[in-house]
Amino acid sequence: MNKKKDFLRTIVENDLKSGKYKEIVTRFPPEPNGFPHIGHAKSISINFGIARDYNGHCNLRMDDTNPTKEDTKYVQALEDAVKWLGFDWGDKIYFTSDYFSQIYDYAIELIKMGKAYVDSLTEEEIREYRGTVTQPGKRSKYAQRSVEENLDLFERMKNGEFKDGEHVLRAKIDMSAANMKMRDPLLYRIRHAHHFRAGDEWSIYPMYDFAHCLSDYIEGVTHSICTLEFENNRDIYDWVLDTLELKPPRPYQYEFARLNINYTVMSKRKLLELVEGNYVNGWDDPRLPTIAGYRRRGYTPESILNFCDQIGIAKANSVVDVAQLEFCIRDDLNPKVPRVMCVLDPIKVTIENYEGSEDIDAPYYPHDVPKEGSRKIPFSKELYIERADFEENPPKDYFRLTPEQAVRLRHGYIISCKEIVKDNNGNITEIKAEYYPESKSGAEDTSGIKVKSAIQWVSAVDAKRVEIRLYDRLFKNEAPEGIEDLNPNSLQIIKNAFIEPAVIMEKPDERFQFERQGYFYADPIDYSDENPVFNKIVGLKDSWTKKTKTKTKQAVSKPQAKKVQIDGEVTPMTDEQKILFEKYTNDFKLNSEVSNTLARDKFLSNFFEDALCAFNCPVSISNIVVNEVARELKQVQAEELKFSAEHISQLAKMIDTDTISGKIAKQVFEEMTKTGENPTQIVETKGLLQISDPAEISPIIDEVISKNPDNVAKFKAGNTKLLGFFVGQVLKTTGGKANPKVVNELVAQKLK
Ligand code: ATP
Ligand code: MG
């Protein structure tokens, strides 16, 4: 088994070992009153997953006891979801409504045992009589009805002789039970309603608490796994099965924490509101957390199941960061899907020194070289590039095309800008460029021209027009209350994006990485040859977390969110990042981990390079930036940093010149984050200069040695590990100011 054992699997294994059950039977029991969501996916993966792992089986059961809200279209959606996630429910689907007669017979039995009675209080009276958590309830006078009277009334209830609400059937348990649910719970109510399967046969319908345990029993379920809100219902579950003295083995109920995700709503009721109010386009709107929505958006079953595995099965409710789900889909698609080019916001580039056309051979899987598959990208005089990949007045860290800076066309040539054409309003309408014939990507590049990045492009005459649907979070708040929290920009439709022709003509896959843009999926419903539509599945990296960093920190606790931070390792680097990474490892000799962190973070890499200007010592500066500065940035926004790159440079210099010890440097850094004072100043005023002079250190060592005769004896007897003890004592005595290297040497000498 590939899964680590959770508490449910532990129970199941023990039950098999003890021989309590011969075969494990679980069930997934949704009410068909809406489309299933990611929370259901979790329940599906638990119930079907356990059955699979222990060679048992899992029933798909529609819990259809509420005729007014249920519908066959929801049954279909539930079947689709389970199937799509890759599970098999065997020969047939079960329906609670199939057991209506059996459940009715069990009710009669309870009445005959004097354990159930027909109550005729009004709904309000029933509520009133129930009492409160601190006060016991009071039993209805109708509880004294004789068995005969109860049987008669119950039958007439079934025959439709009474109006809705006139009578109910209740279990006779205990009106002063501490568990309020046990205060004579309702077993049946009258509902003159048409049932989507049972038709008009029934005028009474069993309540969840009565129908569920009996359905489980009838089906031979062993482990009835549900969510925590049913914890208090467990007593009724047990009471019904025990009171009826049903032949063993019988099922038992176990609860786990339901899945909650931030930035969305999950209950079917709230989802129905969004669908019916046309706030979204149907149950399969790619912004919804429904399984149909994720599926249409382009999520894979694997990614959803991985997510369910990752979050585990807990016993306490919590909110999972949606970024973790997004991590899972990225993680799944990254190795698999072809890389292609699409320009979402095109601007025309005319290459003035190019005539004719050619096809450039480019691999679909440049990230996975042994994997075969390539296409031809037509190249010609007129291209489209992304509007944002050109800047007339670029900021300092801009690596793409500018009037002064050349750029590589991915898989193609290097171009530079010759002229900018603008309309009357000053908007750029065209860039006239020049290409370097010797610069064709790969082995053929003999141009010697260095560029800082490569950008996507398409040939204007050959590219295909496509529609792109970009999705953002449906709600703007982490814990949305309702429609007032909807994110007005959750859907953006781009009608005129341009994609390289092979994507449309060859259809190498349904899912793609559009280089530098994200992962996309050919919409399974609206895609047509006339109007190819692609949905954005997810971006290349988690950009949202950063934007709302300070806000999320205080709001919902994110016990799981940490895992998302490995994000950087799996997302492929952009070309721009790769260039930086090369520079850091090759030119600056930084280790690959540090280089990786810097290359992937614009702010940190800029900060690092700025610090280098003041003192050229890449290794120590990069260490401070990647560790200390990065940590500080988890607490405050970049604009709120109290220190400058120059300060970090000074700090590194003091470490490199042995002015202060590494330990003191941390202390100085702490001070810098609070006061913004420059580090040289801090070291001076606090007297933190490193002590490297043996004459100054020697007497301190002597003192430590004389105070610890026992350890000296042990050291001399061969326990060399104690060297660290002595060094530590000396460092402590000097408040961390002694130069550890010097102390080490001196201590070793003295103890010889
Ligand atoms: P909703 O409130 O969304 O309507 P529900 O609990 O009423 O959900 P059902 O269709 O009755 O949904 O539930 C089917 C199964 O799925 C139940 O066992 C339920 O416990 C489980 N389930 C529902 N929501 C979640 C969730 N968010 N996390 C885990 N399991 C869930
Ligand atoms: Mg429900």
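Order of listing sets the numbers, starting from 1, for every ligand and every atom in it. Count residues from 1 along the sequence. As the structure is a computational prediction, the values presented were derived from the model and not from experiment.
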Taking 4.0 angstrom as the limit and counting only heavy atoms of [X], give me the atoms of ligand 1 inside it, by number and element.
{"X": "Phe256", "result": "29 (C), 30 (N)"}
{"X": "Thr227", "result": "19 (C), 20 (O), 29 (C), 30 (N), 31 (C)"}
{"X": "Met266", "result": "3 (O)"}
{"X": "Ser43", "result": "15 (C), 16 (O), 18 (O), 21 (C), 30 (N)"}

[X] to ligand 1: N or O pair under 3.5 Å?
{"X": "Arg27", "result": "no"}
{"X": "Leu259", "result": "yes"}
{"X": "Ser267", "result": "no"}
{"X": "Gly39", "result": "yes"}

Handout entry: Summary of ring-ring contact (aromatic ring centres under 6.0 Å, His included) pairs that have at least one residue in residues 5-31, sequence neighbours excluded
Key =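 Checked against ring-ring contact (aromatic ring centres under 6.0 Å, His included) - neighbours excluded - the pairs reaching residues 5-31 are Tyr21-His223.
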Which pairs with one or both residues in residues 208-222 pass side-chain hydrogen bond (donor to acceptor under 3.5 Å, both in side chains), sequence neighbours excluded?
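Pairs touching residues 208-222 that pass the test: Arg27-His212, Arg27-Asp216, Asn59-Glu219, Arg61-Asp216, Arg61-Glu219, Tyr99-Glu219, Asp209-Asn233, Asp216-Ser224, Asp216-Tyr237.
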Give a yes or no answer on whether the side chain of [X] reaches the backbone of [Y] with a donor-acceptor pair at less than 3.5 Å.
{"X": "Asn262", "Y": "Ala479", "answer": "no"}
{"X": "Lys172", "Y": "Ala143", "answer": "yes"}
{"X": "Asp6", "Y": "Arg9", "answer": "yes"}

_Ring-ring centroid check Phe534 Phe520, cutoff 6.0 Å_ =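 No, ring centres 6.0 Å or more apart.
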| query | Is the closest heavy atom of His37 to ligand 1 under 4.0 Å? | reply |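 The answer is yes: ligand 1 sits under 4.0 Å from a heavy atom of His37.
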Face-on cation placement of Lys536 at Tyr519 ring, 6.0 Å and 45° thresholds:
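Not satisfied by the 6.0 Å and 45° rule.
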(Q) Which residue is it: Tyr54, Trp89, Phe87? I am looking for the one with a ring-ring contact (aromatic ring centres under 6.0 Å, His included) to Phe48. (A)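 Going through the options one by one, the only one that passes is Phe87.
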From Lys42, Arg258, His212, Glu31 - option closest to atom 24 (N) of ligand 1 by heavy atom: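 The option holding the nearest heavy atom is Arg258.
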For this session: Could you tell me whether Pro29 approaches ligand 1 through its side chain, its backbone, both or neither, with non-hydrogen atoms closer than 4.0 Å?
Result: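 Within the 4.0 Å criterion, Pro29 contacts ligand 1 through backbone and side-chain atoms alike.
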